[in-house]
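As structure tokens, the structure follows; a few thoughts come after it.
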Amino acid sequence: MNKTAFHTIDEYIATFPEDVQQKLAALRRTIRAAAPQAQEVINYQIPTYQLYGNLVHFAAYKKHIGFYGSSEAAEEFRDELSRFMTGKGTLQFPLNEPLPLKLIAKIVRFRAKENRALRPTAGTVPTRGRARIVKD
């Protein structure tokens, strides 16, 4: 990967070999289908999806694709993810294996539900887990 400042996910994906591009494109389609309201951005120079805050990120490396969600999602799907987990909320999908796209879709939907629950509403300030009433 070049040390370029990316402006779009298309630019990011285009820097990889064709086989990796295909995996990244499939991952992108899966995320977009699972959270169609999410906004695509580049954050930390990697593809990021935002929905009331950061939803998920992904990045390609020499031997794997890193997928970054939340520690809560990792805990929720712990059994299904055990062979991919490398850290708190961090997953590594080997490039020499098929991506677990159905599982990724479940994680993205879970994260979208988490973020919607935390989104601020009129007269509230977001806090982890619930909204707090703000008195004027």
Side-chain angles (χ1 to χ4, degrees):
M1 180 172 75
N2 299 331
K3 298 290 182 188
T4 306
F6 302 109
H7 301 287
T8 68
I9 294 176
D10 288 326
E11 288 176 358
Y12 179 88
I13 291 173
T15 64
F16 293 93
E18 183 63 32
D19 60 329
V20 177
Q21 286 183 36
Q22 290 175 9
K23 285 183 178 276
L24 295 174
L27 178 57
R28 182 185 195 185
R29 284 190 304 273
T30 299
I31 295 167
R32 291 173 75 174
Q37 314 86 352
Q39 179 184 11
E40 290 187 324
V41 299
I42 294 290
N43 213 358
Y44 312 109
Q45 285 302 298
I46 62 173
T48 300
Y49 291 81
Q50 295 178 332
L51 182 67
Y52 307 111
N54 287 335
L55 186 66
V56 294
H57 313 267
F58 67 83
Y61 300 95
K62 187 175 184 176
K63 295 186 179 188
H64 71 276
I65 293 174
F67 184 76
Y68 313 99
S70 71
S71 55
E72 291 85 0
E75 182 62 28
E76 178 73 16
F77 301 102
R78 178 184 42 205
D79 293 340
E80 296 170 87
L81 293 171
S82 61
R83 63 188 218 92
F84 302 113
M85 293 178 69
T86 62
K88 199 172 188 177
T90 300
L91 305 171
Q92 288 185 359
F93 303 121
L95 286 175
N96 63 352
E97 297 179 22
L99 288 171
L101 296 175
K102 288 181 182 180
L103 178 55
I104 291 167
K106 287 181 3 183
I107 293 167
V108 172
R109 287 190 295 270
F110 179 88
R111 288 287 301 123
K113 185 177 178 182
E114 277 187 315
N115 280 14
R116 283 188 189 99
L118 295 175
R119 82 172 178 234
T121 57
T124 64
V125 172
T127 60
R128 190 75 181 148
R130 62 182 161 200
R132 178 171 46 98
I133 302 295
V134 176
K135 296 184 181 185
D136 294 324

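All residue numbers in this chain count up from 1 along the given sequence.
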Checklist entry - Given Arg83 and Glu97, is the salt bridge (Lys or Arg N to Asp or Glu O under 4.0 Å) satisfied, shown in steps? => result CA-CA 12 Å; Arg83 63 188 218 92; Glu97 297 179 22; 2.6 Å; yes
Item to check | Heavy-atom closest contact (Ile13 atom, Ala25 atom, distance) | outcome: CD1-N, 4.3 Å
Next on the checklist: Quick check: closest heavy atoms across Tyr12 and Thr15, and the distance to 0.1 Å?
Outcome noted: O-OG1, 2.7 Å
Next on the checklist: Does this structure show an ion pair linking Glu72 with Lys113, if we count only N-O contacts that are shorter than 4.0 Å?
Outcome noted: no
Item to check | Heavy-atom side-chain contact between Leu95 and Ile65 under 4.5 Å | outcome: yes
Checklist entry - For the residue pair Phe58 and Phe67, is the inter-centroid distance of their aromatic rings smaller than 6.0 Å? => result no
Checklist entry - When hydrophobic residues are tied together by side-chain contacts of less than 4.5 Å, even through go-betweens, does Ile9 share a cluster with Val41? => result no
Checklist outcome for this item: CZ (Phe93) and CG (Leu101) are apart, to the nearest 0.5 Å, by 9.0 Å
Next on the checklist: Run the side chain to side chain donor-acceptor pair (under 3.5 Å) test on Arg116 and Gln37 for me, step by step, so that the C-alpha distance in whole Å, both residues' side-chain angles and the decisive distance to 0.1 Å come before the verdict.
Outcome noted: CA-CA 11 Å; Arg116 283 188 189 99; Gln37 314 86 352; 3.0 Å; yes
Checklist entry - Roughly how far, to the nearest 0.5 Å, is CD1 of Ile104 from CG of Leu81? => result 9.5 Å
Item to check | Heavy-atom donor-acceptor pair, Glu11 side chain to His7 backbone, under 3.5 Å | outcome: yes
Next on the checklist: Less than 3.5 Å apart, any donor N or O on the side chain of Tyr49 or Gln39 sitting next to an acceptor on the other?
Outcome noted: no
Next on the checklist: For the backbone of Leu55 and the side chain of Tyr68, can you confirm whether one donor and one acceptor N or O come within less than 3.5 Å of each other?
Outcome noted: no
Next on the checklist: Apply side-chain contact (heavy atoms from CB on, under 4.5 Å) to residues Ile107 and Leu91 and explain how you reach the verdict.
Outcome noted: CA-CA 11 Å; Ile107 293 167; Leu91 305 171; 4.0 Å; yes
Checklist entry - So, the side chain of Asn43 versus the backbone of Thr48: is there a donor-acceptor pair under 3.5 Å, distance only? => result no
Checklist entry - About how many Å separate CZ of Phe77 and CG of Leu103, when rounded to the nearest 0.5 Å? => result 7.0 Å
Checklist entry - How many angstroms lie between atom CD of Gln92 and atom CZ of Phe84, to the nearest 0.5 angstrom? => result 11.0 Å
Item to check | Minimum heavy-atom distance Arg111-Ala73, with the two atoms named | outcome: CD-CB, 4.1 Å
Next on the checklist: For His64 and Tyr61, take the angle between the two ring planes, folded into 0 to 90°, and tell me which bin it lands in: parallel under 30, tilted 30 to 60, perpendicular over 60.
Outcome noted: parallel
Checklist entry - Hey, mind stepping through Thr30 and Val108 against side-chain contact (heavy atoms from CB on, under 4.5 Å) and telling me if it holds? => result CA-CA 9 Å; Thr30 299; Val108 172; 6.0 Å; no
Checklist entry - Hey, is Glu80 close enough to Lys106 for a salt bridge, meaning N to O under 4.0 Å? => result yes
Item to check | Euclidean distance, Glu76 CD relative to Ser70 OG, rounded to 0.5 Å | outcome: 9.5 Å
Checklist outcome for this item: Output for pair (Leu27 CG, Gln22 CD), nearest 0.5 Å, gives 13.5 Å
Checklist entry - Do Glu40 and Arg28 come within less than 4.5 Å of each other through their side chains, counting heavy atoms only? => result yes
